[in-house]
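Below, chains carry the letters A, B, ... as their sequence lines are ordered, and counting in each starts from 1.
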Number of protein chains: 2
Amino acid sequence: MNLTPAEENYLKGIYSLGVSRNGDISTNELAALLQTKPASVTDMLKKLAKKGMITYVKYQGVSVTTAGKKKALEITRRRKLWEVFLVEKLRLQWDELTELSDALEHVSSPLLLQRLDEYLGYPKFDPFGDPIPNEHGEMSENPRVAILDLSVEQSGKIIGVNDNSSSFLKYLDKAGIYIGAKILVLDKVDFDGSMELLIDNKRRQFISKEVAANILSMVY
Amino acid sequence: MNLTPAEENYLKGIYSLGVSRNGDISTNELAALLQTKPASVTDMLKKLAKKGMITYVKYQGVSVTTAGKKKALEITRRRKLWEVFLVEKLRLQWDELTELSDALEHVSSPLLLQRLDEYLGYPKFDPFGDPIPNEHGEMSENPRVAILDLSVEQSGKIIGVNDNSSSFLKYLDKAGIYIGAKILVLDKVDFDGSMELLIDNKRRQFISKEVAANILSMVY
DNA sequence: GTTTATTTTTAGGTATGACTAAAATATATT
DNA sequence: AATATATTTTAGTCATACCTAAAAATAAAC
Ligand SMILES: [Mn+2]
Ligand SMILES: [Mn+2]
Ligand SMILES: [Mn+2]
Ligand SMILES: [Mn+2]
């Protein structure tokens, strides 16, 4: 069954709310996530149910079917592969991705996806460190770890932050730390938990324990 | 003024029909090109006229305004840059492009376009040998030439054909001649106009005068 | 210059995907 | 258990982008 871009957006939302939860998804939750009104959500739930993508009983919430989960993973795969392309090849930044991948995730051609995957070297994680489903919907474990937990001599790639405040992001910018940067732990100070990093094989940077706890990385 | 994807498709159609013609474009022509009905075209012409993209007088045909031309060239630029990406980077073939570029041409972000252009090495021609407008809408001259007109020792890239019959395309396939192939003219026979080519620096291939007249190339 | 044929427009309708306001249902509170 | 509150659905509307059928305008034939 083929879905419109709007239907894909809703299905993706239902799936993503569902993964970290036992029970069903509520209409209001979905409306908040998708920035629409509850009445619009109800309309769409009927369509998705008719297409066999979700299980929906009036007033009782919603969850994805097996077919819906498969489709949601496919959309997610498309999105994340484009995100890898945008970051790795076009050098776009974290905050420049959302709008573009919201559009590109709906460009669906099996051949294109297969070639893009090959071209990118079959990446297993998106630029945020989240796993990319393969053609069968299978994903690797997420090795995301705060750099505070890295040992001396370990290296990794910056994939995200726990703190999105502009003061923190501004500090990171000043310190030369950005999404995608390669880091190597040169030293850890027992006394205060501070660390010395080597960024992109050239810049040395000291960071406090507080900062290190708020930067996430993928270990190589 | 911002356009919807449908409006962009119509504008592109009006512009492309207009370039190789003095007079105005007719409703029926556009309907045929866009595979819609004349009544739908009329609806859209009103919208595009209101948005200042075209000059439209009832029953009198339509032409693009200065603003419309600028927008049409921008859409064309987006499309052709994506086409270069699909062919050069993802190795898609001629006939696999249309559907994808029809969708990708509407993904419009100045930053994305700028980065894509840079990433592709600021290409001046699309995979078919047609010029790509730059950010200002300016284009290079099209150096498309039948390989029959190449001299011995000249080399170029195959960019199209004059004959789309399946018998011809089948022959080309058998002869190892495809869109994007690099060719070098090894010999030309005065007697019958036949040629010997070197394809991709490895394969030697004889072709008749008739075949050579129907293959288009870009000279390096 | 009428008549005929073709082109183009209008009128009115459908499907999608939004919305507001009101009704229905479910959940909390006392 | 009754009432109040919050959630969800329905009813009805709107814009976009299509469509068919009929009317209007233009172009071609006689
Ligand atoms: Mn989307
Ligand atoms: Mn298009
Ligand atoms: Mn109408
Ligand atoms: Mn309704």
Side-chain angles (χ1 to χ4, degrees), chain A residues 1-14 17-18 21-64 68 71 75 99 102-103 105-108, chain B residues 1-14 17-18 21-64 68 71 75 99 102-103 105-108:
Chain A
M1 188 61 78
N2 246 64
L3 303 184
T4 65
E7 288 168 342
E8 288 192 343
N9 286 335
Y10 276 90
L11 180 59
K12 197 166 48 102
I14 296 163
L17 284 175
R21 151 114 90 321
N22 37 331
D24 286 359
I25 312 304
S26 80
T27 300
N28 272 1
E29 260 181 304
L30 256 177
L33 179 72
L34 300 173
Q35 316 235 71
T36 67
K37 304 289 158 168
S40 307
V41 171
T42 301
D43 279 355
M44 192 57 93
L45 293 183
K46 290 177 190 165
K47 290 183 209 162
L48 287 173
K50 194 177 294 180
K51 292 196 175 186
M53 296 290 122
I54 60 173
T55 301
Y56 167 60
V57 184
K58 262 193 194 186
Y59 293 105
Q60 307 239 125
V62 66
S63 62
V64 297
K71 181 60 102 179
I75 302 162
E99 201 187 337
D102 271 344
E105 68 187 349
H106 306 293
V107 177
S108 103
Chain B
M1 187 62 77
N2 245 66
L3 303 184
T4 66
E7 288 168 342
E8 289 192 342
N9 286 336
Y10 276 88
L11 180 60
K12 197 166 49 100
I14 297 163
L17 284 176
R21 150 112 91 322
N22 38 330
D24 285 1
I25 312 302
S26 80
T27 301
N28 272 2
E29 261 181 303
L30 256 176
L33 179 72
L34 300 173
Q35 315 236 69
T36 67
K37 304 290 159 172
S40 306
V41 172
T42 301
D43 279 355
M44 192 57 94
L45 293 183
K46 289 178 192 164
K47 288 183 211 161
L48 287 173
K50 196 177 292 180
K51 291 193 177 188
M53 295 290 124
I54 60 173
T55 301
Y56 168 59
V57 185
K58 263 194 195 185
Y59 293 104
Q60 308 240 125
V62 66
S63 61
V64 297
K71 183 59 105 176
I75 301 162
E99 201 187 335
D102 271 345
E105 69 186 350
H106 306 293
V107 177
S108 104

Taking [atom1] from [X] and [atom2] from [N], how many angstroms apart are they, rounded to a whole number?
X	N	atom1	atom2	result
Leu3(A)	dA15(C)	CG	P	19 Å
Leu11(B)	dA17(D)	CG	C1'	17 Å
Lys37(A)	dA22(C)	NZ	P	16 Å
Tyr10(B)	dA17(D)	OH	C1'	8 Å
Asp24(B)	dT26(D)	CG	C1'	15 Å
Leu30(B)	dA17(D)	CG	C1'	15 Å
Met44(A)	dA18(C)	CE	C1'	9 Å
Leu34(B)	dC19(D)	CG	C1'	16 Å

I'd like to check [X] versus [Y] (side-chain heavy atoms, cut-off strictly below 4.5 Å). Are they in contact?
X	Y	result
Lys51(A)	Leu3(A)	yes
Thr36(B)	Tyr10(B)	yes
Ile14(B)	Leu45(B)	yes

For this session: Rounding to 10 degrees, work out the angle separating the end axes of the helix from dG1(C)-dC30(D) to dT30(C)-dA1(D) (five pairs an end).
Result: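 Computed from the C1' atoms at both ends, the axes differ by 10°.
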Check [X] against [Y] and note the closest heavy-atom contact, atom names and distance.
X	Y	value
Leu48(A)	Leu11(A)	CD1-N, 4.1 Å
His106(B)	Glu8(B)	ND1-OE1, 2.7 Å
Ala49(A)	Tyr56(A)	CB-CB, 4.1 Å
Ala31(A)	Pro38(A)	CB-N, 3.7 Å
Ile25(A)	Arg21(A)	CD1-NH1, 3.8 Å

Problem set entry | Salt bridge Lys47(B)-Glu7(B), side-chain N to carboxylate O under 4.0 Å |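 Salt bridge absent between Lys47(B) and Glu7(B).
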For this session: When you get a sec, tell me which of dC19(D), dC19(C), dA17(D) is the closest nucleotide to the side chain of Ser40(B)?
Result: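 The nucleotide sitting nearest to the side chain is dC19(D).
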For this session: Respond yes when some side-chain nitrogen or oxygen of Thr36(A) is under 4.0 Å from OP1 or OP2 of dG17(C), and no when none is.
Result: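 The answer is no; no side-chain N or O of Thr36(A) sits under 4.0 Å from OP1 or OP2.
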Under 3.5 Å, which N/O atoms of the protein pair with N/O atoms of nucleotides 3-10 of chain C?
| residue | atom | partner | partner atom | Å |
| --- | --- | --- | --- | --- |
| dT8(C) | OP2 | Asn28(B) | N | 2.8 |
| dT8(C) | OP2 | Asn28(B) | OD1 | 3.3 |
| dT8(C) | OP2 | Asn28(B) | ND2 | 3.4 |
| dT9(C) | OP1 | Tyr56(B) | OH | 2.4 |
| dT9(C) | OP1 | Tyr59(B) | N | 3.1 |
| dT9(C) | OP2 | Thr27(B) | OG1 | 2.9 |
| dT9(C) | OP2 | Thr42(B) | OG1 | 2.8 |
| dT9(C) | O4' | Tyr59(B) | OH | 3.4 |
| dT10(C) | OP1 | Lys58(B) | NZ | 2.6 |
| dT10(C) | OP2 | Lys46(B) | NZ | 2.9 |

